[in-house]
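All heavy atoms count here, side chains included; hydrogens, waters and symmetry mates do not. All ligand and atom numbering here is 1-based and tracks the order in the structure.
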Amino acid sequence: MNSTAPARLKLDHVTKTFGGVHALTDLSLQVAPGQIVGVIGPNGAGKTTTFNVITGAYRATSGSVLLDGHDVTAEPSHRIARAGIMRTFQNIRLFSDMSVWEHLLVAQPHAGSFARRLLPTRFSNPKAIERAEEVLEFFALGDVRNRLARSLPYGLQRKVEMARAVTARPKLLLLDEPVAGMNHDEAETIRSLMLRLRQDGLSILLIEHDMAFVMNLCDHLYVLDFGVLIAQGRPEEIRLNPAVLDAYLGRAA
Ligand SMILES: Nc1ncnc2c1ncn2[C@@H]1O[C@H](COP(=O)(O)OP(=O)(O)OP(=O)(O)O)[C@@H](O)[C@H]1O
Ligand SMILES: [Mg+2]
């Protein structure tokens, strides 16, 4: 990364506690523009909490979150979204009775007023329609555009979540286990979509349990265990790191 340019995302000594639970302890991490960065670690390590702090769903107990050098730590989540951070959820959060197309329309800043958002297909403006078409094509979702979210197989629901998050042209995309439950071919499709998004300059922070997927995709990895950063580096360094092996394998018994 260019040392004079601010990181796209920077977490600076972030701690998050819930009562006596230390979900995150003094976590610092960075994502440079156009990088794909992974956050890995065993269950309960604090990965999703990291996303919740970044997006303003949770307020950090201490430390700060910076987007392009601007402190967004205390901002409400809708302002953080508007500033350019979009996410997907570990547990899919689509509107079950809305079509794929409607999801892409309402995800946009120019979708219009709240009333218009309730009736997206009737009232959306041409810009919103054009963008939704573009995203539909990029994600190859044209065949299912009119299907209701609840009628889609799981893998496609995950894809629609990612498409929705991309629609508003974020600067930073946070993906919480984007290939969980997908077969190999579906995961490969997601991988190539992520590489194309990176080519377009998008920065991606990714949580994923599928090690092969992460190792083949990420520029840099952060490893959490019990809310503490135990290692970071390039995938090939992380693969052989003794602390990482211990965190994953030492607890298998
Ligand atoms: N809202 C909350 N209230 C209380 N404790 C919480 C809350 N959210 C998370 N935690 C706790 O924080 C810790 C980290 O949880 P988190 O969901 O971030 O883990 P994770 O790394 O995403 O795990 P997984 O791989 O299972 O998704 C856990 O001990 C969890 O119980
Ligand atoms: Mg999680």
Do me a favour and list the nearest non-hydrogen protein atom to [atom] with residue, atom name and distance?
atom: atom 25 (O) of ligand 1; result: K47 NZ, 2.7 Å
atom: atom 12 (O) of ligand 1; result: A23 CB, 3.3 Å
atom: atom 3 (N) of ligand 1; result: F18 CD2, 3.4 Å

From the Mg ion (ligand 2) out to just under 2.8 Å, does an N/O/S atom of Q90 turn up?
yes
Do any of the N/O/S atoms of T48, backbone or side chain, fall under 2.8 Å from the Mg ion (ligand 2)?
yes
For [atom], which candidate among [options] holds the nearest heavy atom?
atom: atom 22 (O) of ligand 1; options: T48, L24, V21, V39; value: T48
atom: atom 14 (C) of ligand 1; options: G20, G44, G19, G41; value: G44
atom: atom 1 (N) of ligand 1; options: Y58, F226, F51; value: Y58
atom: atom 26 (O) of ligand 1; options: N52, N43, D176; value: N43
atom: atom 27 (O) of ligand 1; options: K16, Q90, H209, H22; value: Q90

Is the number of heavy atoms from other residues, nucleotides or ligands under 6.0 Å of E236 CD greater than 12?
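Buried by this count: over 12 neighbours within 6.0 Å.
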Within the supplied structure, the quantity of interest is the number of heavy atoms (other residues, nucleotides, ligands) at a distance under 6.0 Å from N91 CG; does it exceed 12?
no
Is it the case that one hydrophobic cluster holds both L11 and V228, taking links as side-chain heavy atoms less than 4.5 Å apart, direct or via other members?
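Not linked; separate clusters.
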How close do P178 and L206 get, heavy atom to heavy atom, and via which atoms?
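Heavy atoms of P178 and L206 come nearest at CG-CD1, 3.3 Å.
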Tell me the closest heavy-atom pair linking A165 and L173, and the distance in Å.
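Here A165 and L173 meet closest at CB-CD1, 3.5 Å.
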What atoms of ligand 1 come closer than 4.0 angstrom to any heavy atom of T49?
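Listed by number with element, the hits are 9 (C), 14 (C), 15 (O), 16 (P), 18 (O).
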Numbering the atoms of ligand 1 from 1, which are under 4.0 Å from a heavy atom of A45?
19 (O), 20 (P), 21 (O)
Is there a polar contact between ligand 1 and T50, counting only N or O atoms under 3.5 Å apart?
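So ligand 1 has no N or O lying under 3.5 Å from an N or O of T50.
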Quick one: do N146 and S99 satisfy side-chain hydrogen bond (donor to acceptor under 3.5 Å, both in side chains)? Show the steps, please.
CA-CA 5 Å; N146 294 320; S99 70; 5.1 Å; no
Taking the six-membered ring of F51, is NZ or CZ of K47 closer than 6.0 Å to its centre and within 45° of its axis?
no
Main-chain N/O of A107 paired to T167 side chain as donor or acceptor, under 3.5 Å:
no
